[in-house]
**Q** 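Pasting a structure below so you can have a look.
Just the heavy atoms: all of them, side chains too, but no hydrogens, waters or symmetry mates, feed the values below. None of the values given here were measured: they were computed from a predicted structure.
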Amino acid sequence: MIMFNNLLFIMFMLFIVVISITTLIIRHRAKSFESKIFSKLNEGDLVPYLLVFDYKSPMFKRIDEYLKNTNPIDLNIVFISSPWLFKLKEKSWKYNKIYFVNSAELKTNGLVKMYYRSEKGAIVSRNVIDIM
């Protein structure tokens, strides 16, 4: 009985270690992906901010109003939506640094993130709710 409990404990601990390592790998890949997107969109264009948002976001109406009424020159935008909504918003926002990601290809469930490069050069991400 004691040997079975020890074996069960060891299996449980191995499970926790595997989950922890998997989580670290996923976070590292996500940060790497964010860094690649930010660097790619800022290639030759030193725009300091990148706003990535999904049309399903609860902040969508607020962001939509902001982009209709202002022309932020220091911002690149990645809009995750259907093609028809992107075309509609691209015209109404009258802003030329909007990039499209098809929502059918990327499941995000309401993503809203602002990315910028810190003074030390690291890419930092913040929830837009924290900023607006």
**Q** Donor-acceptor check, side chain of Asn69 to backbone of Glu65, threshold 3.5 angstrom: yes or no?
**A** yes
**Q** Ile98 vs Phe86, test: side chain to side chain contact (heavy atoms under 4.5 Å, CB included). Steps then yes/no.
**A** CA-CA 9 Å; Ile98 304 171; Phe86 174 77; 3.3 Å; yes
**Q** Sort out for me which residue in Ile80, Val52, Asp54 forms a side-chain contact (heavy atoms from CB on, under 4.5 Å) with Val101.
**A** Ile80
**Q** I'd like to know whether the aromatic ring centres of Phe60 and Tyr55 sit less than 6.0 Å apart in this structure.
**A** no
**Q** Calculate, to the nearest 0.5 Å, the distance between atoms CG and CD1 belonging to Leu51 and Ile77 respectively.
**A** 6.0 Å
**Q** Residues two or more places apart in sequence or in another chain: which of them pass side chain to side chain donor-acceptor pair (under 3.5 Å) with Thr70?
**A** none
**Q** In terms of relative ring orientation, are Trp93 and Phe79 parallel, tilted or perpendicular, with 30° and 60° separating the classes?
**A** perpendicular
**Q** Any chance NZ of Lys68 has more than 12 other-residue heavy atoms, nucleotides or ligands included, within less than 6.0 Å?
**A** yes
**Q** Yes or no on side chain to side chain contact (heavy atoms under 4.5 Å, CB included) for Val78 and Leu50, after CA distance, side-chain angles and deciding distance?
**A** CA-CA 7 Å; Val78 175; Leu50 172 65; 3.7 Å; yes
**Q** Once rounded to the nearest 0.5 Å, what's the spacing between atom OG of Ser92 and atom CG of Leu67?
**A** 8.5 Å
**Q** Which pair of non-hydrogen atoms, one from Ser81 and one from Phe100, has the smallest distance, and what is that distance?
**A** O-CE1, 3.2 Å
**Q** Of all the heavy-atom pairs spanning Asp64 and Lys89, show the shortest one and how long it is.
**A** OD2-NZ, 3.0 Å
**Q** Tell me every residue that passes side-chain contact (heavy atoms from CB on, under 4.5 Å) with Ile16, counting only those two or more places apart in sequence or in another chain.
**A** Phe12, Ser20
**Q** Does one hydrophobic cluster hold both Leu8 and Val18, with members joined at side-chain heavy-atom distances below 4.5 Å?
**A** no
